[in-house]
Amino acid sequence: MFPKKLEPVLLKVQKPGRYTGGELNSVIKDKNKVDVRYAFCFPDTYEIGMSHLGMKILYSLINEREDAWCERVFAPAQDMEEQMKALGVPLYALESGDAVRDFDFIGFTMMYELCYTNILNMLSLAGVPLRSADREGLTPLVVGGGACACNIEPMADFFDLVSLGDGEEVTNEIIDLFKIHKAKGSTRKEFLIEAAKIPGVYVPSLYNVEYNEDSTVKSITPTCGAPAKVTKRTVKNLDTMFAPTSFVVPFIEVVHDRTTVETFRGCIRGCRFCQACFLYRPIREKSPETVEKQCRAIYENTGYDEISLCSLSTSDYKGLEKLLNSMLEWTIPEKVNVALPSLRADNFPEELMKKLSAVRKSGLTFAPEAGTQRLRDVINKNITEEEVLSTAALAFRGGWTAVKLYFMIGLPTETDEDLEGIANLAQAVVDEFYNNPDKPKGKGVNVSVSLSTLVPKPFTPFQWEPMITPDITLEKQQKLLGYIRSRKITLSKHNPKTSFLEGVFSRGDRRLCKVVERAWEKGCKFDSWDDMLKFDTWIETFEEFGIDPYFYTARTRSFDEVLPWEHMDFGVTKAFLMRENKKAHEGVTTPSCREKCAGCGAAAINGGECSETRKNTA
Amino acid sequence: MKPVRILLKKTGLAIYISHLDMNRCLSRAVIRAKIPLWYTEGFNPKPYLNFLCPLALGQEGLAEPLDLRIEGEISNDEIKESLSNVMPQGIEVTEVYDPVMKSAEIACALYNITLEFENEKEAGVFCEQAKAAIESGELTAEKRSKKGMKTVNLCEMINSFEIEQQSEKAGIKTVLPTGSTLNLNPDLLLDALYEKTGLSPESRLVSRACLYNESGEIFR
């Protein structure tokens, strides 16, 4: 139950519903009847964390076990943090109200590099020593997972173990092993040495990293029998894989408040900037029957009036038409909206689009990412201007009046011409609206252009590429603004400073641990929130340790450099990434996996299986 | 289409759910309960749900009326049963009936308030001074209105007020105007009393017991 001591403060903080728990479908167990207590922590506020699918999956998965109880923990907002500190109440879990420091596992999901200071802040609020080396006894074990796990080096000192890839199987294996060691009375180190033998488990403390004089990594050496390469986990069959049948239904409004079901993992497209595409390969599909069954179950258990079919590129889902035809039969009469995020402009049938908007119209978003065909070829975003325009025209005929376009700046080989291309493409979409003879009367069009900065990420063909500096980002943003002529186009830009920090940490190494810790001590947290970011403090902290942050972002890495994440294996081979990098600079595209296997190598870690045909492999 | 009135009890931690969130919470509950609802006929069809008298954040409600519109065959007992099975902790369906009065008839509400002070002495002083303040006929407070802040005399708005000390607690029973024309949130009254007496309790629980119409009958 909610800590009694905190009740009087609930009326003094914003959105007290973030802190009380007691939501529908939250799982309450008898703590005396479980062996393992798992605090699943999300390093951001409740509204963001409660939107995260991975957390919902693992919450249900752990609670399915009779011997374990998984509870949720979110980062308190500043006002609540102050109240908790004033009253001496440590970070607690929502279900039991018990202090997080007394749990066996404190698990963090890391979807974004800028949550690192929040992780330290939450550990500190919990009263847990930040560094793995300073924690005595077996518990609490601080564990992590999520996209950032592919290069967790800037947080290596704080985590006991990190799991790579799909969590559905490895989470249970870690808990099983933990139970044995808890019963035996093992030390933390004894447990971690054994845990490192589970495929997909990375124990940072078991690796020694040496550096060259030029600050690049010289070597990464495993100790205590840890594997030289940690291979990420992939669940082979998504139809038999664990999936939740109900979600906790929040009282307060959260970012994504709906039924979300995955349709497949991985992506056939191979856009060269996209980390998710390469991290989650090979492609594995769920059957439409399974997807529909899971949607129905969650809908009935939550009462959500919206279902989102998610994946990295939902229109590439082979079972999409079959699924929608079957699902719309009950969603339309029951007034449930079906949303398809991540649609591509080039392959969505008009008929389906009409049916989808039968209940409610949702937004329409395209991601051409680059302004000219030349640059789209460089990044392998195989979408043509004609495809964008014809889909936009189709949407306008269907009654849509707002279109969102996503673009990136700072792409390799980018010139002013490419920036101008962004403005031109947006303008062409506006023109397309006015060319439509049946356009809705009395309504204008709104094309909103969202502009982000390329952050080269590990395990992408761009992992060796330099990132543009914040100054150049601002310059390019200004230039683009100058190219835009229509008031129908609105431009929203990412903060170059946040992108820069993201760049530092995404390709950072272990020497950054002390920087993160020090910056947090100086008050940095919620760095991804523009109003909370203390950029000057960050820069000051880099200087304090004599670390040049541009070393991590602005430098072109050579193919033979030992990368800080060299000891991670995510399936796609380095040879493939190098090949793709060279093709990028030549402006040569790679067809999607459906057209021709590109030989990324990811299928090897899945017993040679991939949902796409591999017959073209020579 | 048939209108149905539901009485809800909102207690415990559920009192920290705001009025807007209650709306969302109940519209999901009726879907889970598979109650055949009448939907609004706009571009964005929504089930018709109407809380007749919004409850302030942090207050308990023992009989909060919610109106639904039903499309199809289902009895009031069936609605009560199926809704009861899907409600979250702290929100309970106590009654389902065909509406008798119109929502505009709501005139006032009975509040039971418990204030817990640091010690018995403080509670005693508070009770005495609060009683005197109400009986004096003048207790002013800044009240937000459509035309901005204005100073009002709360005593003129209070229908009845009783206060009684129980060791370190003060128990208040008060009937205050509520509804579309005149409204007095008990929190405003309490704040004015805290200011007047210079004493504020360690904890407080405001519980709305029921609603009345103009002639003092329980709202149905």
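Computed from a prediction, not measured in an experiment: that's the story for all the values here. Letters go in sequence order (proteins before strands), and every chain restarts at 1.
Summarising the local packing, NZ of A:K31 is surrounded by 12 or fewer heavy atoms from other residues, nucleotides or ligands at distances under 6.0 Å. Atom NZ of A:K56 has more than 12 heavy atoms from other residues, nucleotides or ligands within 6.0 Å. The number of heavy atoms from other shown groups lying within 6.0 Å of CD (B:E81) does not exceed 12. Counting non-hydrogen atoms of neighbouring residues, nucleotides and ligands closer than 6.0 angstrom, the CD atom of B:E202 exceeds 12 such neighbours. Atom NZ of A:K29 is surrounded by more than 12 heavy atoms from other residues, nucleotides or ligands within 6.0 Å.
Taking CD1 of B:I31 as the reference point, atom OH of A:Y304 lies at 11.5 Å (rounded to 0.5 Å). Remark: B:Q89 CD to A:T20 OG1 distance equals 9.5 Å, nearest 0.5 Å. Taken from NZ in B:K46 to NZ in A:K335, the straight-line distance is 12.5 Å, to the nearest 0.5 Å. Between atom CG of residue A:N301 and atom CZ of residue B:R32 there is a gap of 9.0 Å, rounded to the nearest 0.5 Å.
Using a 4.5 Å cut-off on side-chain heavy atoms (C-beta onward), B:R204 and A:L11 make contact.
Annotation: residues 70-83 of chain A contacts chain B through no residue [non-hydrogen atoms, separation under 4.5 Å]. The contact list for residues 248-260 of chain A toward chain B, using heavy atoms and a distance under 4.5 Å, reads A:V249, A:P250, A:F251, A:I252, A:E253, A:D257 by residue number.
Proximity to chain A involves both the backbone and the side chain of B:L57, based on heavy atoms less than 4.5 angstrom apart. For B:V30, no part lies under 4.5 angstrom from a heavy atom of chain A. Of the atoms belonging to A:E334, it is backbone heavy atoms, and not side-chain ones, that fall under 4.5 Å from chain B. Heavy atoms of B:M22 lying under 4.5 Å from chain A are absent altogether. In this structure, no portion of A:S26 lies under 4.5 Å from any heavy atom of chain B.
When all heavy atoms of A:G22 and B:P88 are compared, the closest pair comes out as O-CB, 4.4 Å.
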